[in-house]
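To keep things clear, I will list the structure first and then write my remarks on it.
We count ligands from 1, going down the list as the structure has it; atoms in each ligand are counted the same way.
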Amino acid sequence: MPDVPAAVRRLPGRLTAPGPGWTTRADVVIVGSGIAGLTAALRLRQKVDKVLVVTKDVLAAGSTQWAQGGIAAALGPGDTPEEHEVDTLVAGAGACDLEAVRVLVNEGPEAVRELIALGTNFDHTDDGELSLTREGGHHRDRIAHAGGDATGAEIQRALIAAIEAAPDIEVIQHALAVDLLLGQDETGATGVAGLTLHVIGEGERDGVGAVHCRAVVLASGGLGQVFSQTTNPSVSTGDGMAVALRAGATLRDLEFVQFHPTVMYLGPDSRGQQPLISEAVRGEGAFLVDGLPEEGGVRFMQGVHELADLAPRDVVAKAIMKRMLETGLPHMWLDARHLGADFWERRFPTILATARSHGVDPVTQLIPVAPACHYASGGVRTDLFGRTDLPGLYATGEVACSGVHGANRLASNSLLEGLVFSRRIADVLPAELPAWRESATDVRTEGLVSGGVRRELQEAMSSRVGVLRNAPGLAEASVVLDKLAGRSAESVDQSSWEATNLLTISAALADAAALREETRGSHWREDFGERDDAHWAGHFDVRMADGVTTVAFSPSPATDGLVVEEAGDGRHETQVRDEDDR
Ligand code: SIN
């Protein structure tokens, strides 16, 4: 398929911003302070002269802090990286990069052990073993967790403590990455020369400034705020992806947005970050129902998939949506009453407190749940060492598309991806640190959109580019986005920069979703209900040059020719089928 020009809409090739009022230098700038960013910083320090971490809010404000379920790795007795690989590939619906998945599952156990050595307190059994649970799509108990359901908060705590004990790592909080600065080295090669930041209230560094550097590592998280309801915190406005796209890097697999099946339903008007009910609750025995079982409510996941309520996330989200459409109800329910008060208080204290704060007691009541945006499986395309196709730019964690998630991320592989690929970046970057590049003039362009477009944008994306998609809806979304692109910003500020980033990423996502005429993983087309390997095994890559976006299809063989066999005693055996047998 030739490159397809995306819908004609005016999107800035750089954000309008005042000239830098201050400057600084660092060898490597890391954008983001979750597990990916802080791991990269801790491992790069002492390997390069100066590491600077910049983060849009405070260090703990990103998605890592909110992760509940845990971090997956083959750490349990009898488990193997090969089995973790098979589960990852099956969840990814043929769109994973096999080599990247192998890196993830093989290096995962050691990376988690290092996180423990750093001081992360994971939960243990009474026998002193690491306590491992199960989530959707896993055939083994392999999810390490902390504080019951506060895994991300504990990892974030341990990482921040390590950063605070490393005074050679400089940190600037309340710093939005505006755009990359590009430049040429002495050989004439173009690449990253720095980035512009907007900093609020950090002493002398206030307002827009320029950081000159030799490499940038994007670890800035996802894009959940593109949708009306999401599990992501308010900082997840797709900034890193938009910055990379504008600078010439490739975004891949943007259409594969994961909708978490069990997000607490707070009513039709609720907006922004919503409470997650971890898949681990189902891992411990909770199940989905379409009404009170005592009054005839049915466990509708039974018969849908061999893993029933613990099927991969896309399968569960689709089954919930299907049942919502059939019944006309705005949500389904999770029944976890049988877990009992003691278990709830010990294993899921955060979720219990949150549900109760919203007037639902999971010990005695069903929890209303509906799918909401949870995770961007796509992002800035990278190789196995986090390198993007722009020299000097690296990406890791949710902002990146390393190839491990394919069309649907396996539960609890996200923290692991950030950990493993940040270690890899730190392994190669010091030796390949580019020469300083002279940064070209920072060209200002027009086209900043008003911060006031946010709600309309989110509504268009949720209603037409959400869990269910079809050609007319995607075309309507495109029309709305075109209209919003013409709504100019009244002022140059964080609200309009974020809105422009949201619009840039929404447009790319909607364009890719319209072109992928099949159903695969978390991309569900009502008008093309089947997966179609004959036409759509491969990836959509989005690029921008001079403010014009194009989408290109890059074919690659499906990577899930696998079998998962019942081996008796409730155990499963997994094997990779030979290419010839597929
Ligand atoms: C969950 O706890 O259900 C979310 C875990 C994940 O997103 O991997």
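Polar contact check, Leu410 against ligand 1: no nitrogen or oxygen pair lies under 3.5 Å apart. The shortest N or O to N or O distance between Ser412 and ligand 1 is below 3.5 Å. Looking at His374 next to ligand 1, an N or O pair under 3.5 Å apart turns up.
Remark: Arg102 does not engage Asp97 in a salt bridge, criterion side-chain N to carboxylate O under 4.0 Å. Classification of Arg142 and Asp87 as a salt-bridged pair holds, one side-chain N sitting under 4.0 Å from a carboxylate O. Salt bridge Glu255/Arg469: absent, no basic N to carboxylate O contact under 4.0 Å. Ion pairing between Asp149 and Arg347 fails under the 4.0 Å rule for side-chain N and carboxylate O. For the pair Asp141 and Arg134, the salt-bridge criterion is met [side-chain N within less than 4.0 Å of a carboxylate O].
Which parts of ligand 1 touch Glu135 is read off a 4.0 Å heavy-atom cut-off, strictly below it: atoms 1 (C), 2 (O), 3 (O), 5 (C). Ligand 1 places these atoms under 4.0 Å from at least one heavy atom of Ala411: 8 (O). Within ligand 1, the atoms closer than 4.0 Å to a non-hydrogen atom of His260 are 1 (C), 3 (O), 4 (C), numbered from 1 in the order shown.
Taking each heavy atom of His338 and Gly285 in turn, the nearest pair found is NE2-O, 3.0 Å.
When only non-hydrogen protein atoms are considered, atom 2 (O) of ligand 1 lies nearest to Ser278 OG, 2.6 Å. At the top of the distance list for atom 3 (O) of ligand 1, counting protein heavy atoms only, stands Glu279 N, 2.6 Å. Of the protein's heavy atoms, Arg313 NH2, 3.3 Å lies nearest to atom 5 (C) of ligand 1.
Judged by distance alone, the side chain of Asn232 and the main-chain N or O of His374 form a donor-acceptor pair under 3.5 Å.
Heavy atoms of Gln258 come nearer than 4.0 angstrom to ligand 1 in no pair at all.
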